[in-house]
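Remarks on the structure that follows.
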Amino acid sequence: MLDKNFDPKSFEKNFSFEIEASVRKPGADPFMVLLPPPNVTGSLHIGHALCYTLQDILARYKRLKGYDVLFQPGLDHAGIVTQLVVEKQLYERGVEKGSLSREALLKEIWYWKENSANRIVDQMKALGISCDFAKLKFTMDEDCKRAVAKMFVKLYEDGLLYKGERMVNWDPMICSAISDLEVAEKEVKGNLWYIKYMFEDSTSEYIEVATTRPETIFGDVAVAVNPEDQKLKHLVGKKVVVPLTDRVIPIIVDKYADPKKGSGAVKITPAHDFNDYEVGKRHKLPIIDIMNENAKLNNNVPDIFQNLDRFEARKLVVELLEKKGLLIKSEEIKQVLPFGDRSGAVLEPHITNQWFVNTESLAKKAIDVVKQGRIKFIPKHWENLYFEWLRNIKPWCVSRQIWWGHRIPAWYGPDGQVFVAETEEEAMRKAKKFYGKNRIALSQDEDVLDTWFSSGMWPFVTLGWPDDTKDFKRFYSNTVVLTGFDIIFFWVSRMIMMGLYATGEVPFRDVYIHSLIRDEKGQKMSKSKGNVIDPLELRDKYGADAVRYTLTYLSSPGHDIRMTEKHAEIGRNFLTKFWNVIRFSQMNGCIFNKEFSPNKATPLIAQWIINEIKNMLISVEADIENYRFDEAVKHIYQCLWGSFCDWYIEYIKPILQGSTIIENEKQNYDLDYTLLKKDIRDTTAWAILQFIRVLYPIVPFISKKLSGEIGVLDMEWPNTNTITANFSDAVTKINIIREIVTSIRAMKQYMNIPLGQKIGFKIESNNADMVEFVKSQSLHIEQLAGVKLKSESIYNSVPVVVQNIILHLEWNGTVDTTAELNRLNKELAKLNQIKNATQARLNNMEFIEKASPETVQEHKDRIIDIDTKINGITYIIKSLESIS
RNA sequence: GGGCAUUUAGCUCAGCGGUAGAGCAUUACGUUCACAUCGUAGGGGUCGCAAGUUCGAACCUUGCAAUGCCCACCA
């Protein structure tokens, strides 16, 4: 017997789903859920919980449907982030950045990774995520390493990957190149300084140049003006002196200079600006790099500036310019600067030697497969974002100057000759052949690959690529990916590009983009703001199922989710209800009966609930297939709470509990009471099993617990095809009873009669069958509405009208009918309004001609229906008026 | 500058051509033993604005506004 208190903690810890997650069904259709591997940087946040819960629902649902499901878990080494986190930890322990050797630091990071990985896996299990943890993969596992090297070599040999000197976004804090995607632009306050660049041959004449970065003047190689600039173009060809130096540079003409911006003349600093770099190339200008990797000024600048940080140097330059009278003015402006999204440092454009993947041809194919519908985004509009990015794709800088990651499989000979190979042995073989001798000292490239290089290979690496494994043949492409929109570029598009390139096939069919969770004000959750929700804390308070249920309930796609901890009550309340209704059924001896067939149920109320449940099951299945997990939950909720608990259970109480009542009223039942009771018990147990099963993907812990409780352990998806009986008559009849009960309750409320206080009533109708039917259900009506059917006459009464039935409620107290009359008149007005609108349409010939016959019929029925209601209300109004 | 999304009850959101819905909050009443993490009944919305298409628009089209996000650029 279930405990009176619903306490998830008491049973959630008893369940583990590892075994069912690892079950393989060789004969069944394959289905793969590819879990986006979390970073090994710490613990999971509520966004992970949402993402994983939805995937788990899908995986469990497919398992119940009989698919052979591979729910693949994994972890991402997350290069830069992880290294930064560990370095920070070390720093807090007194280890200076850069003081450890490569090996020593990597050892520290591996140690961190082990801890983090264990914690994350534990958290996933605590939330009931049913991955096949035996297959847990880490992006730096040996087989991943091999696959990454293979991919790198393949790209290199196909000419899609090359090393070259380019200007890249450089993070001076990490001291590494980063890709364009890792740049976050932010608006900040800055200054625009107007500086005099004196003409070489003059002490008073100058050209005015505006800049936000005066410290870079030492890298200036020209001043450019626009060819159309009438005011300045006559200066082209003249030479000016770079302020604070004696270096002379030319004034050149280039359309890049915009007469409307700054002073119209722009300084050209090819080593420190993307646009200037291009201008420099066009004009074959020299490149003067004035900064070190950490953004301190190098020895290409005057002595006093050397070794100064760029921002200190800026201050000093401005100060000296002012002193020398070379500063014209300084304006405060707002400017957008590039920041490293991991380090938060202001990035520097920096010319270095990096490895690039030429993604253009890969991107074209990646666009095509989505255009052709071979991969679908859900919701579809995310495809736009995907297309936009791929159409404007630039070479992907994949090398990083850090230590944590896949070391680039390239080796250099003593003369710098590069040998790209999957292994050092292979590189050596190539080198020997190249140099024609046996003793060669090769050194491996110091850099590692961008994290997303290995993540991009996730769909096939996890399946054993490059080996042609059984799993690969079976699951590749039969996959769904659920993730947030923020990694469509980073991850989804790279998986598609690399998947197509490596295997020639799409890596997955569906990409479901879930919403992002924000706080109640719509702000992004972040630790520094203190507005984060920890899924594990929430679980400790409310239980894992409640968290899962709530997240699913809130997961409507298309916009962000605003969430507070209080939302978890949605789940908790629902599960409490679920728990309690099963407790009720237990207390009333409803035990699952294998022999029971829903098609053979005879009591009206049984037929009605079977029909409700059937409809619910059909909806839920469609909802999940359409990734509408929120709708699925709402359909279950509505059926369980609104139909099953509120009506079915209340309705059957007199049958299950009130045997004496039944005995007294036996003449109202054609059925044998014992049989009736058995039928109801069977139906109740059957219904509960359906709920347990349909809820299992969403709230697996309680479902497991309860299925154990009712003694049906095997989980399978409810099959609605076996429910074939037509119960439409029961539906109609029970709905009449519901309407009667609701109407009586409302009237009693208006008469200020407590629901518990039984009052007499009589039935009147011009339809004798209807009277008989209502009488046959009087026991239930009496219980549900707090009334008592009288055989003798009632003298003082108020009427309740439902369809063509009038119920006279016995009442001889004084009634303040004003409020009720107000309400009725309001309702009457509304009904008339609807009736008129409907009638107007029916009077419209165009409507009759153009609307579908069903719609027209529906309108006609509506008129009849409304007329009945209007007559009823009019009758009540008249009666009430005569009372008062 | 380009693009995408959102705008429906006090709040959070469903609905996306045919009588405006849910949960929470709110009001009144109620603990008869499944459940007060509850029950019963009620109140509350010219569906952002405007035009158009349609027999009929919250829903389709266009324009506008507000909000959020993405991309690109800035001396």
Side-chain angles (χ1 to χ4, degrees), chain A residues 2 4-6 185 192-194 209-213 224 256-258 260-267 273 275-276 333-336 379 381-382 384-385 388-389 392 485-486 488-489 516 518 520 522 542 546 553-554 556 558-564 566-567 569-588 628 630-631 634 637-638 642 645-646 649-650 653 657 741-742 745-750 752-756 783-786 819 823 830-831 833-835 837-838 840-841 844-852 854-856 858-859 862 865-866:
Chain A
L2 290 177
K4 183 167 164 46
N5 286 323
F6 166 60
E185 313 253 322
L192 185 59
W193 286 278
Y194 291 77
V209 173
T211 180
T212 53
R213 304 203 56 193
Y256 166 65
D258 184 342
K260 290 196 243 10
K261 283 181 189 160
S263 61
V266 59
K267 70 194 210 56
D273 183 282
N275 288 307
D276 292 10
I333 56 157
K334 277 183 188 167
Q335 61 181 146
V336 179
H381 66 79
W382 291 111
N384 296 329
L385 189 71
E388 189 200 304
W389 186 70
N392 302 311
F485 75 87
D486 49 333
I488 290 178
F489 302 150
L516 251 46
R518 297 173 173 276
E520 60 209 307
Y542 295 95
Y553 176 91
L554 294 173
S556 49
H559 54 72
D560 295 340
I561 299 166
R562 294 188 180 196
M563 186 181 175
T564 62
K566 196 176 182 297
H567 278 107
E569 289 178 8
I570 297 170
R572 184 201 54 188
N573 293 357
F574 174 78
L575 295 171
T576 308
K577 191 77 177 175
F578 187 32
W579 179 270
N580 275 299
V581 76
I582 291 175
R583 246 187 99 229
F584 170 85
S585 77
Q586 277 190 331
M587 293 164 88
N588 287 283
R628 287 305 303 265
D630 60 324
E631 289 285 301
K634 280 161 199 166
Y637 176 97
Q638 209 173 13
C645 293
D646 289 350
I649 292 290
E650 295 304 324
K653 272 180 181 173
Q657 302 178 330
V741 169
T742 307
R745 283 169 176 171
M747 183 56 86
K748 283 180 75 179
Q749 196 104 356
Y750 271 97
N752 273 324
I753 305 166
L755 195 64
Q783 287 283 301
L784 292 167
R823 189 185 72 89
K830 199 183 157 195
L831 284 170
Q833 196 191 329
I834 296 167
K835 185 189 165 182
T838 312
R841 278 191 211 160
N844 183 339
M845 281 317 289
E846 279 189 287
F847 172 74
I848 303 291
E849 282 165 23
K850 292 181 183 168
S852 73
E854 294 82 34
T855 307
V856 175
E858 210 178 285
H859 278 65
R862 191 185 300 161
D865 183 47
I866 289 177

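Lettering of chains follows the sequences in order, A, B, ..., and the numbering in each one begins at 1. Since we're looking at a predicted model, the values are computed, not measured.
- Y256(A) comes within 4.0 angstrom of a nucleotide base, judged by non-hydrogen atoms across all strands.
- Base pairing analysis places rG68(B) opposite rC4(B); the two distances defining the Watson-Crick or G-U wobble pair are each below 3.5 Å.
- A746(A) comes within contact range of the sugar-phosphate backbone alone, with a heavy-atom separation under 4.0 Å but no base atom that close.
- Across the strands present, rG45(B) finds no partner; the criterion is a Watson-Crick or G-U wobble pair with both atom distances under 3.5 angstrom.
- Nearest-nucleotide assignment on RNA chain B puts the 5′-proximal partner with R823(A), out of R823(A) and V266(A).
- At the heavy-atom level, K4(A) lies under 4.0 Å from the strands shown only through sugar-phosphate atoms.
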| field | Residues Q783(A), E650(A); criterion side-chain contact (heavy atoms from CB on, under 4.5 Å); working and verdict | value | CA-CA 8 Å; Q783(A) 287 283 301; E650(A) 295 304 324; over 6 Å; no
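- Using a 4.0 Å heavy-atom criterion, one finds that R572(A) contacts the bases of the nucleic acid, with or without backbone contacts as well.
- Contact annotation for Q833(A): no contact, since no heavy-atom pair falls under 4.0 Å across all strands.
- Side chain of T855(A), nearest nucleotide from rA34(B), rC70(B), rG18(B): rG18(B).
- Phosphate proximity of rU8(B) to H559(A): absent, as no side-chain N or O sits under 4.0 Å from OP1 or OP2.
- Pairing partner, rC24(B): rG10(B), with both Watson-Crick or wobble hydrogen-bond distances short of 3.5 Å.
- At a cut-off of 3.5 angstrom, counting only N and O atoms as typed in the model, there is a donor on one side and an acceptor on the other between the side-chain of K653(A) and the base of rA34(B).
- Applying the 3.5 Å distance criterion, the base of rA72(B) shares no donor-acceptor pair with the side chain of E388(A).
- Dashed line: the shortest gap from a side-chain N or O of K577(A) to OP1 or OP2 of rG39(B) is under 4.0 Å.
- Residue A837(A) is out of contact with every strand shown, counting any heavy-atom pair closer than 4.0 Å.
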| task | Summarise how protein sits on nucleotides 19-33 of chain B as a single string, 5' to 3': B when a protein heavy atom is under 4.0 Å from the base, S for sugar-phosphate-only contact, - for no contact. | result | B---S----B-----
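- The salt bridge (Lys or Arg N to Asp or Glu O under 4.0 Å) test applied to K577(A) returns no partner, not counting sequence neighbours.
- Using a 4.0 Å heavy-atom distance criterion, N392(A) is classed as making no nucleic acid contact.
- Counting non-hydrogen atoms under 4.0 angstrom, T838(A) reaches nothing in the nucleic acid.
- For H381(A), the listed nucleotide lying nearest its side chain is rA5(B); candidates were rC70(B), rU37(B), rA5(B).
- Note on D560(A): only backbone sugar-phosphate atoms sit closer than 4.0 angstrom, heavy atoms only; bases stay farther off.
- Partners of E846(A) under the salt bridge (Lys or Arg N to Asp or Glu O under 4.0 Å) rule, at least two apart in sequence or in another chain, are K850(A).
- Aromatic ring pairs are classed by plane angle as parallel below 30°, tilted from 30° to 60° and perpendicular above 60°; the pair W579(A) and F6(A) is tilted.
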